[in-house]
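Structure record follows, encoded as structure tokens.
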Amino acid sequence: MAKTALITGILGQDGPYLAKLLLEKDYKVYGMIRRYTYPNFANLDYLGITDKIEMVEGDLADQASLYNLIKNIRPDEVYNLAAQSFVGSSFEQPIYTTEVNSLGVLYMLEAIRQHSPATRFYQASTSEMFGLSHTNYVQDENTPFHPRSPYAVSKVYAYWITVNYREAYGLFAVNGILFNHESPIRGIQFVTRKITDGVARIKLGLADEIRLGNLSAKRDWGFAGDFVKAMYLMLQQERPDDYVVGTGEAHSVEEFVRTAFEYVGIKDWKQYIKIDPRFMRPSEVPYLKANPSKAKKVLGWEPEVKFNDLVKMMVDADLARLKNKDRK
Ligand code: NDP
Ligand code: GDP
């Protein structure tokens, strides 16, 4: 019989890539969406899988909706990707961020514990939890957390409640501690997509600047399509455990900007960048670089797309989109 999976956050970036992977493995995929006046299926459309997913209604902030979903579907696997996922907004909306990212995870775990304890649970944890902390300039599963935003703090709660439900109740519940991962369907507020969209607009004569904050921050940027494979692998193991997932390379925001401009043949890129204090964070995470050796050893996972190719893929997609007049 086909396995069933429930994916929360199905309309975001990772949801569609994961759904595509599971559909290729013959899963029946349920996608949880909130109540919208105008739902946006653009990311699922981009991967051509919108009509292959059974949409179900639910909200991480609504405990009853999660209980009903888990009770009715009793899926083999739950991938909890839904979140208020933007660090910047978490400083503006700290309480909502905590309700969704922390309590929402507890509601989901309780629903599984009470109504479908055999369901395997994946929690979308994040390298942001490390914040200021590192172990010899990398972060691995043993690096302590030092979160630097309401987003990161909310995800630390979610991390530990997932560990606790595993230890206390024997649930198959795991954390994927994923470093930044990007794609042509990355949300436009995140720095990578903001840059590739801006570079494409400048190249096409549709804009004359990109306003950015801290250019010196470094991130370990990988491709979302690679990273969802690690999520899937974590739920196929004999034992539940937590894994760091990243490329093992760090690049600065400035390097990302330069690479994107140079790819479209613009060498004097500095004239297009305006530093804008609105995009500085009250407390910043200066440096994230994964040591993904456990994921490699235990899961057999390795990323395929390198930094330069990721930048090119995203610039190409934005150029194509804008040329098609789909100027979102
Ligand atoms: P996105 O922001 O693209 O997608 C998040 C999705 O969650 C959106 O579709 C959003 O729905 C949904 N959502 C938000 N609030 C709720 C709610 N209350 N109830 C139900 N759904 C909700 O994130 P990504 O796909 O990039 O990331 C997936 C997960 O991985 C997130 O939890 C994120 O924090 C985490 N993560 C991401 C990393 C990355 O680099 N991308 C790195 C590490 C962790 P709507 O469409 O309605 O807004
Ligand atoms: P994050 O790692 O989850 O916060 O992902 P983001 O893509 O939002 O930010 C990555 C880094 O880019 C952070 O260090 C930001 O401070 C930095 N950055 C610099 N300028 C900007 C900007 O204009 N927007 C965003 N989102 N980030 C910026």
Side-chain angles (χ1 to χ4, degrees), residues 7-18 31-36 38-44 57-62 65-66 79-91 93 96-97 99-101 103-105 107-108 122-131 148-149 151-152 154-155 158-159 175-183 185-195 198 210-224 227-228 231 244-246 251-254 256-257 273-288 290:
I7 301 177
T8 72
I10 191 74
L11 304 183
Q13 171 187 251
D14 292 1
Y17 280 105
L18 176 64
M32 188 181 92
I33 61 172
R34 304 193 257 185
R35 193 270 157 186
Y36 300 90
Y38 303 107
N40 184 350
F41 297 106
N43 291 350
L44 290 168
E57 195 173 313
D59 193 312
L60 278 192
D62 185 315
S65 70
L66 305 181
Y79 294 87
N80 184 40
L81 309 185
Q84 190 304 88
S85 68
F86 187 51
V87 168
S89 297
S90 77
F91 290 101
Q93 302 185 45
Y96 176 72
T97 300
E99 280 172 0
V100 172
N101 296 3
L103 279 183
V105 179
Y107 296 156
M108 184 62 95
Y122 173 88
Q123 169 56 19
S125 286
T126 167
S127 56
E128 287 289 321
M129 299 188 301
F130 296 122
R148 293 276 284 170
S149 62
Y151 167 77
S154 73
K155 287 282 188 171
Y159 171 93
N175 286 287
I177 307 175
L178 270 53
F179 284 60
N180 297 47
H181 46 279
E182 319 295 314
S183 73
I185 56 171
R186 178 64 143 153
I188 196 85
Q189 284 181 305
F190 294 89
V191 79
T192 53
R193 186 67 204 299
K194 186 173 169 182
I195 294 166
I210 309 175
R211 305 190 80 82
L212 294 171
N214 175 17
L215 299 188
S216 64
K218 290 195 167 177
R219 290 289 181 277
D220 178 331
W221 281 298
F223 172 50
F227 282 39
V228 298
M231 299 177 183
V244 155
V245 175
H251 298 271
S252 68
V253 173
E254 181 168 326
F256 197 105
V257 171
I273 299 300
K274 300 282 174 304
I275 301 301
D276 187 334
R278 283 182 303 155
F279 301 110
M280 301 285 184
R281 287 165 180 177
S283 45
E284 173 66 300
V285 173
Y287 178 87
L288 292 174

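From a predicted model like this one, the values you see are computed outputs, not experimental measurements. Just follow the structure's listing: the first ligand is 1, and inside any ligand the first atom is 1.
- The distance criterion of under 3.5 Å between nitrogen or oxygen atoms is met by Lys194 with respect to ligand 2.
- Residue contacts with ligand 2 for Val253 involve side-chain atoms from C-beta outward but no N, CA, C or O (heavy atoms, distance under 4.0 Å).
- Scanning the protein heavy atoms around atom 4 (O) of ligand 2, the nearest turns out to be Arg281 NH1, 2.5 Å.
- Under the 4.5 Å side-chain criterion, counting only non-hydrogen atoms from C-beta, Phe41 is in contact with Ile33.
- Cation-pi geometry between Arg186 and Phe190 is met: under 6.0 angstrom from the ring centre, within 45 degrees of the axis.
- Residues Asp220 and His251 have side chains that never bring a donor and an acceptor to within less than 3.5 angstrom of each other.
- When the options Arg219, Glu254, Arg186 are ranked by their closest heavy atom to atom 2 (O) of ligand 2, first place goes to Arg219.
- Remark: Lys194 qualifies as a cation-pi partner of Phe279 under the 6.0 Å distance and 45° angle criteria applied to the six-membered ring.
- The contact shell of ligand 1, taken as protein residues with any non-hydrogen atom closer than 4.0 angstrom, comprises Gly9, Leu11, Gly12, Gln13, Asp14, Met32, Arg34, Tyr36, Asp59, Leu60, Leu81, Ala82, Ala83, Ser85, Tyr96, Val100, Ala124, Ser125, Thr126, Tyr151, Lys155, Leu178, Phe179, Asn180, His181, Arg186.
- Taking every heavy atom of Glu284 and a limit of under 4.0 angstrom, the matching atoms of ligand 2 come to 13 (C), 14 (O), 15 (C), 16 (O).
- Between Tyr122 and Tyr79, the angle of the ring planes lies from 30° to 60°, which puts this pair in the tilted group.
- Here the CE atom belonging to Met231 is positioned 5.0 Å from the CG atom belonging to Leu178, to the nearest 0.5 angstrom.
- Residues Asn175 and Gln123 have side chains that never bring a donor and an acceptor to within less than 3.5 angstrom of each other.
- Counting only distance, with no hydrogens or angles, the side chain of Ser283 and the backbone of Arg148 share a donor-acceptor pair below 3.5 Å.
- Taking the six-membered ring for Trp, Tyr151 and Phe86 have ring centres at least 6.0 Å apart.
- Below 4.0 Å from some heavy atom of Gly213 lie the following atoms of ligand 2, by number and element: 19 (C), 20 (N), 21 (C), 23 (O).
- Nearest-heavy-atom check against atom 19 (C) of ligand 2 across Leu288, Val257, Asp276, Asn214 picks out Asn214.
- If you look at Val87 next to ligand 2, the close heavy atoms, those under 4.0 Å, all belong to the side chain.
- Using a 3.5 Å distance cut-off with no hydrogens or angles, the side chains of Gln84 and Asn101 do not pair a donor with an acceptor.
- Contacts between Asn180 and ligand 2, counted as non-hydrogen atom pairs separated by less than 4.0 Å, involve the side chain only.
- Among Ile275, Ile195, Val191, the residue whose heavy atom sits closest to atom 18 (N) of ligand 2 is Val191.
- Closest protein heavy atom to atom 26 (N) of ligand 2: Gln189 O, 3.0 Å.
- For Phe86, the closest heavy-atom approach to ligand 2 falls below 4.0 Å.
- The ligand atoms of ligand 2 that sit less than 4.0 angstrom from a heavy atom of Ala217 are 14 (O).
- Below 3.5 Å of separation, one finds no N or O of Phe279 facing any N or O of ligand 2.
- With Ser90 as reference, Ser149 is the one residue of Ser149, Ser154, Ser85 to meet the side chain to side chain contact (heavy atoms under 4.5 Å, CB included) rule.
- For the pair Lys274 and Asp276, the salt-bridge criterion is not met [side-chain N within less than 4.0 Å of a carboxylate O].
- No N or O atom of Trp221 sits closer than 3.5 Å to an N or O atom of ligand 2.
- Residue, atom and distance of the protein heavy atom nearest to atom 1 (P) of ligand 2 are Glu128 OE2, 3.4 Å.
- In terms of polar-atom proximity, defined here as any N/O pair under 3.5 Å, Thr192 makes no such contact with ligand 2.
- Between the side chains of Asp59 and Ser65, no donor-acceptor pair of N or O atoms lies under 3.5 Å.
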**OP:** Report the C-alpha separation of Arg219 and Glu128 in whole Å, then their side-chain angles, then the decisive distance to 0.1 Å, and conclude whether the salt bridge (Lys or Arg N to Asp or Glu O under 4.0 Å) test is met.
**Re:** CA-CA 10 Å; Arg219 290 289 181 277; Glu128 287 289 321; 3.6 Å; yes
